[in-house]
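These notes concern the structure reproduced below.
Keep in mind that the numbers below use all heavy atoms, side chains included, and drop hydrogens, waters and symmetry copies. We're numbering straight along the sequence, starting at 1.
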Amino acid sequence: MTMHTADNSGDPYSRQGGGYPPQGDPYQQQHQGGPHQQPQGGWPGQDQPTVQLGRIPAQAFEQPGWSPYAPEYPPQAPERPVPPPRDSGEQAAGAPAPAPAKPAASTGRNGLIMALGSLASRALGFVRSAVIVAALATGPAGEAFNVANSLPNIVYMMLIGGVLASVFVPELVHAMQTHKDGGQAYTDRLLTLCVTILVVLTLGAWLFAPRIVDFYSEFDGVQRELAITFARYCLPQIFFYGVFTLLGQVLNARDRFGAMMWTPVLNNVVAIAVFGGYLAMGKHAYQANEVSSGDALLLGIGSTLGIVVQAAALLPSLRSARFTYRPRFDWRGAGLTRPLRAAGWALALVLATQLSFAVITSLSTSAGKQAFDAHIAGGRGFSAYNNAYALFVVPQGVITVSLVTALLPSMSRAATAGDYRKIGEDLSGVLRSSAAMVVTAAVLFFALGSQIAMAAYGYGSGSSVHDDAMVVGLLLMAFAVGLPAFCAQYGLARGFYAMGDARTPFWLTLVSTGTNAALCWVAYETLPLRYKVIGMAVAHTVAATMSAVVTGVALGRRLAKGAPPAAVPAPRRGDATGNPDATMVLRTDSFAPGADATVDLGVRRDGRRGSGLEGGRLVTLHLGLILACVPGALAAHWLAGRFGAGLIGSLTGLAAGALAVLLSLFLLARPLGVGASVAPFARKLRIPYPTPAPTSGKHRR
């Protein structure tokens, strides 16, 4: 008996010889051509194998008729049985099959492209926020603009943050793999229906602008009228944000991720130009009555123009992807029930989030108005909360969203093939690889919150600039504690969406947002006036941590159950009894680097399939990274205090403190056993850092 293992590699599951399919996502290739047939005379560079060590999906062991001796060996990703597409003009029997797609770029490369685009956009976003603060401050005028502009922004955050993305990308990928026209007609119908819904939603929001402003705030008098005026100009952004999101998902389903992350740069450039021009004209406003109707027109239309440019900038990438769009209104019987049902749950999730957000904005604007009337230094209302939150979500947007968005098409293909364990393994890998960056950001936020706030918002000629920034710094410290959980929950929720389940994330989010709103109300009712808004940030941290735990447990149980019967791969031929020969099948469920790679005969040692999430290992990893950063955080806080609280001193203290935290992380990571997670972070910073050797398990026959 000849047993083959990987040549010159520590991975016993890597492909060997010249006869294996090309490297890449196996689930992306399963519908691109027929099965890989073994050439006569065996695979090049190998003698004829009798037993092959390789990764075999766990579901295969429960299928009658499976056999390791099938003639299409080596195994390819099993196909999910799907009903034949409905007869239509684009899927007629004589329609030509679509050309095979090119292999997708690696998740790491796609994630890097998106991270760079998101980082550039976020950097300009803070320039934009600084210009807006300089123009309108954080007083009554700034509060009115922020509330008016918040609704389309929050809807966008929910859409781009994964709700419609996570719902539609799996559906588009599935259509591309199963429809003979590559899913073109299906995509046209879906886009037409969604654009129609967006038009109705935007018109309704515009007509009810006064009610929306009253729902989200406690404004009265001139401030309320100014907020309504701003809302009339800003609410059309909902439509253009929605179009941008939908077109971006078409690109993502085709493994083109860069444009969607880079085009927001143009939006920020337009906004900076508009508010910069307002300042250049010698204007700025703190009180609501200082903003004229012409000023409101310029600032409101200018903000919306940036979103229009952002959406239009995707068109060249769509042409490059050879995507053409033709409006189609033949929705009946077109197979849109499933995505619409999922989208319904997704929109319900948006509604639940909006209700929670409405509670927060109403309470925070009321707290800010009371603090202003009591002459308490620093803006302590919604603007401060919103500015701190904008800083807080940067690591999630740059790191977690980029990596998980790049991974979502692959997870969707794995779900289509019924390989649920791969979803858990992929998510676990992303959370491990991003842990060092996320934890470092959280520690920096907590240790240097005031310095970061001054660097981002310490501009303008107003007397309250420093006090406003200090309040933002305190809020950022309160948010920072929950950053790792916040990022983890985002990634874990995408696992449900990859399986086509939008209902479970809705109920999980309902628990999280309900907890957040309830705790915000408690903070508002019980804390002193100057600490009310800070207590609301603490409420967000508690809710995010609870949400990550609940989502992780729920997803782990779902993945451990395996694919439902409709998603289980079609059975392969077996022996006379219809079962695999368990004495000849060698496999391992411990695929993670450093895990025990003991080979079992068909099942895990504990008899369970497992989810692949490795929750205990992830928690231990994050705790180790926090311990590695703590000495540096103490040093950073001490150093930052030596340079003063002004803008220049804050920038200098921020640079010195960041170096102290990084030095502590890199020195203590290996002794604390978390060096494997820190090594990729060091490589991104171009810092030489030895990668710990993976622990290799022993194989037994």
Checklist entry - Which pair of heavy atoms, one from A485 and one from A548, lies closest together, and at what distance? => result O-CB, 3.5 Å
Checklist entry - Do the side chain of E143 and the main chain of S383 share a donor and acceptor less than 3.5 angstrom apart? => result yes
Checklist entry - Which heavy-atom pair separates G378 from V471 by the least distance, and what is that distance? => result CA-CG2, 4.2 Å
Next on the checklist: Rounded at 0.5 Å granularity, tell me how far CG in L665 sits from SG in C629.
Outcome noted: 4.5 Å
Quick one: side chains of residues 637-655, donor-acceptor pairs under 3.5 Å with protein atoms, not counting sequence neighbours, listed by atom name and distance.
from, atom 1, to, atom 2, distance (Å)
H637, ND1, A447, O, 3.4
R642, NH1, W638, O, 3.1
S650, OG, G646, O, 2.7
T652, OG1, I648, O, 2.9

Checklist entry - How about C487 and I399: do any of their side-chain heavy atoms sit closer than 4.5 Å? => result no
Checklist entry - Nearest 0.5 Å, what's the CD1-CD1 distance between I132 and I272? => result 9.0 Å
Item to check | Backbone of L527 reached by a side-chain donor or acceptor of R530 within 3.5 Å | outcome: no
Checklist entry - Any side-chain heavy atom of N267 sitting closer than 4.5 Å to one from T263? => result no
Item to check | Test item: L427 and L555 side chains (from C-beta on) under 4.5 Å apart, heavy atoms | outcome: yes
Checklist entry - What heavy-atom pair brings A367 and L529 nearest, and what distance separates the two atoms? => result O-CD1, 4.1 Å
Next on the checklist: Test your reading of the model: is there a side-chain donor-acceptor pair from S362 to the backbone of A358, 3.5 Å cut-off?
Outcome noted: no
Checklist entry - Do H540 and Y385 come within less than 4.5 Å of each other through their side chains, counting heavy atoms only? => result yes
Checklist outcome for this item: Scanning both residues in full, the closest heavy-atom pair of A469 with A453 reads O-CB, 3.2 Å
Item to check | OH-OG distance between Y524 and S364, expressed to the nearest 0.5 angstrom | outcome: 10.0 Å
Next on the checklist: Could you check whether any side-chain heavy atom of L448 comes within less than 4.5 Å of a side-chain heavy atom of V661, counting everything from C-beta outward?
Outcome noted: no
Using a 3.5 Å cut-off and no angle test, enumerate the donor-acceptor pairs between side-chain atoms of residues 220-227 and protein atoms at least two apart in sequence or in another chain.
from, atom 1, to, atom 2, distance (Å)
Q223, NE2, P140, O, 3.1
R224, NE, D214, OD1, 2.7
R224, NH2, D214, OD2, 3.0

Item to check | side-chain hydrogen bond (donor to acceptor under 3.5 Å, both in side chains) involving T229 - partner list, sequence neighbours excluded | outcome: none
Name each donor-acceptor pair under 3.5 Å that joins a side chain in residues 301-308 to protein atoms two or more places apart or in another chain, with its distance.
from, atom 1, to, atom 2, distance (Å)
S303, OG, L299, O, 2.8
T304, OG1, Y233, O, 2.6
T304, OG1, Q237, NE2, 3.3
T304, OG1, G300, O, 3.4

Item to check | Stepwise side-chain contact (heavy atoms from CB on, under 4.5 Å) check, D501 with R558 | outcome: CA-CA 11 Å; D501 180 6; R558 176 71 176 274; 2.8 Å; yes
Checklist entry - Does any N or O in the side chain of R128 come within less than 3.5 Å of the main-chain N or O of V269, such that one atom is a donor and the other an acceptor? => result no
Checklist entry - Between the main-chain N or O of G616 and the side-chain N or O of T620, is there a donor-acceptor pair closer than 3.5 Å? => result yes
Checklist outcome for this item: Tightest non-hydrogen contact, residues P152 and L235, listed as CD-CD2, 4.2 Å
Checklist entry - Excluding sequence neighbours, so at least two apart, what forms ring-ring contact (aromatic ring centres under 6.0 Å, His included) with F219? => result none
Next on the checklist: To the closest 0.5 Å, what do you measure between CG (L266) and CG (L124)?
Outcome noted: 9.5 Å
Item to check | Check against side-chain contact (heavy atoms from CB on, under 4.5 Å), N387 and D468 | outcome: CA-CA 10 Å; N387 289 338; D468 291 344; over 6 Å; no
Checklist entry - Looking only at atom types and distance, does a side-chain atom of S150 sit under 3.5 Å from a main-chain N or O of V147, one as donor and one as acceptor? => result yes
Next on the checklist: Working note: T551 + F496, criterion side-chain contact (heavy atoms from CB on, under 4.5 Å); need CA distance, chi angles, decisive distance, verdict.
Outcome noted: CA-CA 10 Å; T551 304; F496 287 105; 4.2 Å; yes
Item to check | Straight-line distance of L355 CG to I360 CD1, nearest 0.5 Å | outcome: 11.5 Å
Next on the checklist: Could you check whether any side-chain N or O of S356 sits under 3.5 Å from a backbone N or O of G514, counting only pairs where one atom can act as donor and the other as acceptor?
Outcome noted: no
Checklist entry - With a 4.5 Å heavy-atom cut-off, do F486 and T400 have their side chains touching? => result no
Item to check | Distance (rounded to the nearest 0.5 Å) between M477 CE and T541 OG1 | outcome: 11.5 Å
Next on the checklist: Could you tell me if the side chain of F445 sits less than 4.5 Å from the side chain of I452, heavy atoms only?
Outcome noted: yes
Checklist entry - Of all heavy-atom pairs between A523 and G535, which one has the smallest distance, and what is that distance? => result CB-C, 3.7 Å
Item to check | R211 charged N/C atom sitting above F215 aromatic ring, 6.0 Å / 45° | outcome: no
Item to check | Test ring-ring contact (aromatic ring centres under 6.0 Å, His included) applied to F240 - qualifying residues, sequence neighbours left out | outcome: none
Next on the checklist: Taking CZ in R503 as the centre, count heavy atoms belonging to other residues, nucleotides or ligands within less than 6.0 Å. Is the count above 12?
Outcome noted: no
Item to check | Trace of the side-chain contact (heavy atoms from CB on, under 4.5 Å) decision for V270 with Q310 | outcome: CA-CA 10 Å; V270 172; Q310 173 178 303; over 6 Å; no
Item to check | Any L136 side-chain heavy atom under 4.5 Å of F275 side chain | outcome: yes
Item to check | Plane angle bin for Y389 and F479 - parallel if under 30°, tilted between 30 and 60°, otherwise perpendicular | outcome: perpendicular
